[in-house]
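Written out below as structure tokens is the structure these notes cover.
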Amino acid sequence: MPELPEVESIRRKLVPMVAGRRIRDVSAVARNYAFLSDPGIIRKKLSGGTVEAIERRGKYLLLRLKQRGALLIHLGMTGQIFSHAYEPDKHVHMTLVFAGLRHPVYFRDPRKFGKLLWLDPGEEYTEPRLTKLGHDALSFSAEYLGKACRNRSVAIKSLLLNQSVLAGAGNIYADEALFTARIRPTRRARTLNSKETGALTKALRNVLERAVKLGGSSINDYIHPDGSEGYFQIEHKVYGREGAPCLTCATAIKRSVIGQRSAHYCPRCQR
DNA sequence: CCGACATCCTGGGTGC
DNA sequence: TGCACCCAGGATGTCG
């Protein structure tokens with residue numbers, strides 16, 4: 001589900017809810033595909049701990065507990081974090097009860113592509129899931145992207161989705177940024193000139209900043225922890241618009257598959 | 001090292 | 001209503 005703007009929106013809603021609060025109780029279901037750490041370990045490490053901060057690393061959230069370490073959370077395709085806005089069901093894997101917070105906080109994920117991993121102090125510096133991440137997709141330079149494109153024959157769309165290059169970009173925002181930069185998603189990365197990598201850098205930053213401002217794109221399973229919604233889906237120019245007229249030239253938007261992911265683009269505007 | 005591909009899992013939508 | 005099939009915001013491991 002969530003890309004950088006969605007994860008950041010969730011983080012921003014979560015901070016005022018739980019920062020500084022003590023975790024009174026933790027319950028978790030039996031270990032399943034989403035648990036990289038044993039649920040019992042997570043329960044033990046979290047119980048009684050106090051939330052020091054919630055950070056975002058690409059699409060990961062880091063729930064930092066004072067003195068103890070941190071819970072690394074990835075929401076995969078369908079992961080959600082919410083409180084009383086929704087009823088918990090069989091897809092809830094973990095429930096956190098906070099001191100001074102009337103309602104519990106739930107981690108729910110029907111497809112279980114999300115991840116929960118406990119990190120002892122210091123492990124965040126050695127955990128490959130974190131150390132392999134590239135520059136944050138909200139703050140990278142055109143030079144960095146240009147270097148990353150050098151000698152790479154992979155499609156630029158796939159390169160943008162590679163988290164070890166840019167941490168946080170995902171399918172929606174990669175398509176939207178490529179449209180704005182007028183670059184076709186199938187172009188091999190090494191064929192982009194510096195003007196194009198510059199335009200793409202600017203386009204990705206702009207689209208992500210705008211999406212964060214609007215609270216992300218509320219489609220399918222995406223929800224905010226407090227039940228509110230994001231509005232960036234209203235501004236999607238290509239994603240999910242196959243067959244619809246390009247907003248610039250009215251040509252029908254095309255959908256194709258690149259690197260096993262759907263890609264949406266205007267065959268006329270994007271070269 | 002690079003890139004293509006299968007795989008993990010569940011639910012919603014569509015067409016027969 | 002049932003069923004087969006396709007699709008989905010992600011990431012990893014394997015293989016050539």
Side-chain angles (χ1 to χ4, degrees), chain A residues 1-10 29-36 56-61 72-81 86 89-93 107-117 127-134 137 147-178 185-191 204 207-208 211-212 214-224 229-243 255-264:
Chain A
M1 153 182 79
E3 307 180 30
L4 185 153
E6 288 74 34
V7 176
E8 178 62 20
S9 298
I10 289 170
V29 299
R31 187 165 193 167
N32 61 37
Y33 191 69
F35 284 94
L36 295 178
R56 181 186 60 77
R57 306 279 187 89
K59 299 174 196 171
Y60 286 94
L61 285 174
L72 186 63
I73 304 170
H74 195 289
L75 299 173
M77 296 276 260
T78 53
Q80 303 167 330
I81 296 172
Y86 304 91
D89 65 3
K90 62 172 178 174
H91 298 301
V92 167
H93 306 305
F107 173 79
R108 177 182 186 267
D109 184 4
R111 282 176 83 178
K112 304 189 187 80
F113 284 0
K115 296 281 170 274
L116 295 172
L117 174 65
E127 168 55 40
R129 286 178 163 77
L130 290 178
T131 59
K132 281 186 193 159
L133 290 177
K147 270 188 188 165
C149 286
R150 208 168 295 165
N151 296 326
R152 302 289 293 275
S153 62
V154 74
I156 184 64
K157 168 73 187 284
S158 299
L159 186 105
L160 292 180
L161 295 183
N162 185 338
Q163 300 300 297
S164 64
V165 176
L166 288 177
N171 211 30
I172 294 178
Y173 301 104
D175 278 0
E176 295 296 320
L178 285 165
T186 47
R187 282 272 301 282
R188 288 171 184 268
R190 65 168 172 233
T191 69
L204 189 55
V207 72
L208 291 174
V212 168
L214 294 190
S217 302
S218 280
I219 55 176
N220 299 342
D221 309 296
Y222 173 60
I223 52 174
H224 290 173
E229 290 174 33
Y231 296 102
F232 189 74
Q233 68 280 7
I234 296 167
E235 299 189 11
H236 289 177
K237 295 192 171 78
V238 285
Y239 183 83
R241 296 191 68 245
E242 180 185 12
R255 176 185 172 279
S256 66
V257 175
I258 301 171
Q260 298 179 277
R261 308 297 300 279
S262 68
H264 310 74

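Heavy-atom basis, side chains included; hydrogens, waters and symmetry copies ignored. Labels below follow one simple rule: chain letters A, B, ... track the order of the sequence lines, proteins then strands, and each chain is numbered from 1.
- For residues 156-165 of chain A, the pairs satisfying salt bridge (charged side-chain N to carboxylate O under 4.0 Å, His left out) are A:Lys157-A:Asp175, with sequence neighbours left out.
- For A:His236, the side-chain hydrogen bond (donor to acceptor under 3.5 Å, both in side chains) partners at least two apart in sequence or on another chain are A:Ser217.
- Listed nucleotides: B:dC5, C:dA11, C:dC7. Nearest to the side chain of A:Arg255: C:dC7.
- No contact: A:Tyr173 has no heavy atom under 4.0 Å from any strand.
- With rounding to the nearest 0.5 Å, the separation of CZ in A:Arg57 from CG in A:Leu4 is 13.5 Å.
- At whole-Å resolution of the value, CG in A:Leu166 and C1' in C:dA11 are 16 Å apart.
- Each of A:Ser262 and A:Leu161 has a nearest nucleotide on DNA chain C; the 5'-most of these lies closest to A:Ser262.
- Residue contacts for A:Arg188: at a heavy-atom cut-off of 4.0 Å it reaches no nucleic acid atom on any strand shown.
- Considering A:Asp89, A:Ile223, A:Ile81, A:Thr78 in turn, A:Asp89 is the only one that fulfils the side chain to side chain contact (heavy atoms under 4.5 Å, CB included) rule with A:Arg108.
- Summarising the geometry, the separation between CD1 on A:Ile172 and P on C:dA8 is reported as 11 Å, rounded to the nearest angstrom.
- Atom CG in A:Leu36 sits about 13 Å away from atom P in B:dC9, given to the nearest Å.
- If A:Arg111 and A:Pro128 are placed on DNA chain C by their nearest nucleotide, the residue sitting closer to the 5' end is A:Arg111.
- A distance of about 16 Å separates the P atoms of B:dC5 and C:dC7, rounded to the whole Å.
- No hydrogens or angles were tested; on distance alone, a donor-acceptor pair under 3.5 Å links the side chain of A:Gln260 to the base of B:dA6.
- With sequence neighbours excluded, no residue forms a side-chain contact (heavy atoms from CB on, under 4.5 Å) with A:Asn151.
- Put simply, CD on A:Gln80 is 15 Å from P on B:dT10, counting in whole angstrom units.
- The distance between atom CZ of A:Arg31 and atom C1' of B:dC8, rounded to the nearest whole Å, is 15 Å.
- Nearest heavy-atom pair across A:His264 and A:Ser262 is CE1-OG, 3.4 Å.
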Write out a two-atom table: protein N or O, nucleotide N or O from nucleotides 11-14 of chain B, distance below 3.5 Å.
| unit_1 | atom_1 | unit_2 | atom_2 | d |
| --- | --- | --- | --- | --- |
| B:dG11 | OP1 | A:Lys90 | NZ | 3.3 |
| B:dG11 | OP1 | A:His91 | NE2 | 2.8 |

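- Listed by chain and number, the residues in a salt bridge (Lys or Arg N to Asp or Glu O under 4.0 Å) with A:Arg241 amount to none (sequence neighbours excluded).
- Taking atom NE2 of residue A:His74 and atom P of nucleotide B:dC9, one finds them 18 Å apart after rounding to whole Å.
- With sequence neighbours left out, the side-chain contact (heavy atoms from CB on, under 4.5 Å) criterion links A:Asn162 to A:Arg152, A:Ser164, A:Val165.
- OP1 or OP2 of B:dT10 has at least one side-chain nitrogen or oxygen of A:Lys112 nearer than 4.0 Å.
- Taking A:Glu242 as the reference, nothing meets the salt bridge (Lys or Arg N to Asp or Glu O under 4.0 Å) condition, with sequence neighbours excluded.
- You'll find a donor-acceptor pair under 3.5 Å spanning the side chain of A:Tyr33 and the base of B:dC8, going by distance alone.
- In this structure, A:Ile258 atom CD1 and C:dC7 atom P are separated by 15 Å, rounded to whole Å.
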Dot-bracket for DNA chain B: what is it, with Watson-Crick or G-U pairs under 3.5 Å, [ ] where a pair crosses earlier ones, and | for a pair to another strand?
-> .|||||||.|||||||
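- You can call A:Phe113 stacked on the base of B:dC8; the centres are under 5.5 Å apart and the planes sit within 30°.
- The shortest non-hydrogen separation linking A:Leu159 to A:Cys149 is CD2-SG, 3.8 Å.
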Polar-atom pairs under 3.5 Å, protein N or O versus N or O of nucleotides 13-16 of chain C: list them with distances, or write none.
none

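- Note on A:Lys115: nothing from the nucleic acid sits closer than 4.0 angstrom, heavy atoms only.
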Using a cut-off of under 3.5 Å, enumerate the N/O to N/O pairs linking the protein to nucleotides 1-3 of chain B.
| unit_1 | atom_1 | unit_2 | atom_2 | d |
| --- | --- | --- | --- | --- |
| B:dG3 | OP1 | A:Ser153 | N | 2.8 |
| B:dG3 | OP1 | A:Ser153 | OG | 3.2 |
| B:dG3 | OP1 | A:Val154 | N | 3.0 |
| B:dG3 | OP2 | A:Arg152 | NE | 2.8 |
| B:dG3 | OP2 | A:Arg152 | NH2 | 3.0 |

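- Protein atom CG of A:Leu75 is 16 Å distant from nucleotide atom C1' of C:dA8, rounded to whole Å.
- Residues that satisfy the side-chain contact (heavy atoms from CB on, under 4.5 Å) test with A:Glu229, not counting sequence neighbours, are A:Ser218.
- The structure places CD1 of A:Ile73 at 12.0 Å from CG of A:Leu36, a figure rounded to the nearest 0.5 Å.
- Between A:Gln163 and C:dA11, a side-chain N or O to OP1/OP2 separation shorter than 4.0 Å is present.
- Among residues two or more places apart in sequence or in another chain, the side-chain contact (heavy atoms from CB on, under 4.5 Å) test is passed with A:Lys112 by A:Asn32, A:Tyr33, A:Ala34, A:His93.
- Between A:Tyr173 and A:Phe232, the ring planes are tilted. Angles from 30° to 60° get that label.
- Note that OH of A:Tyr222 and NE2 of A:His224 are 3.0 Å apart. Values are rounded to the nearest 0.5 Å.
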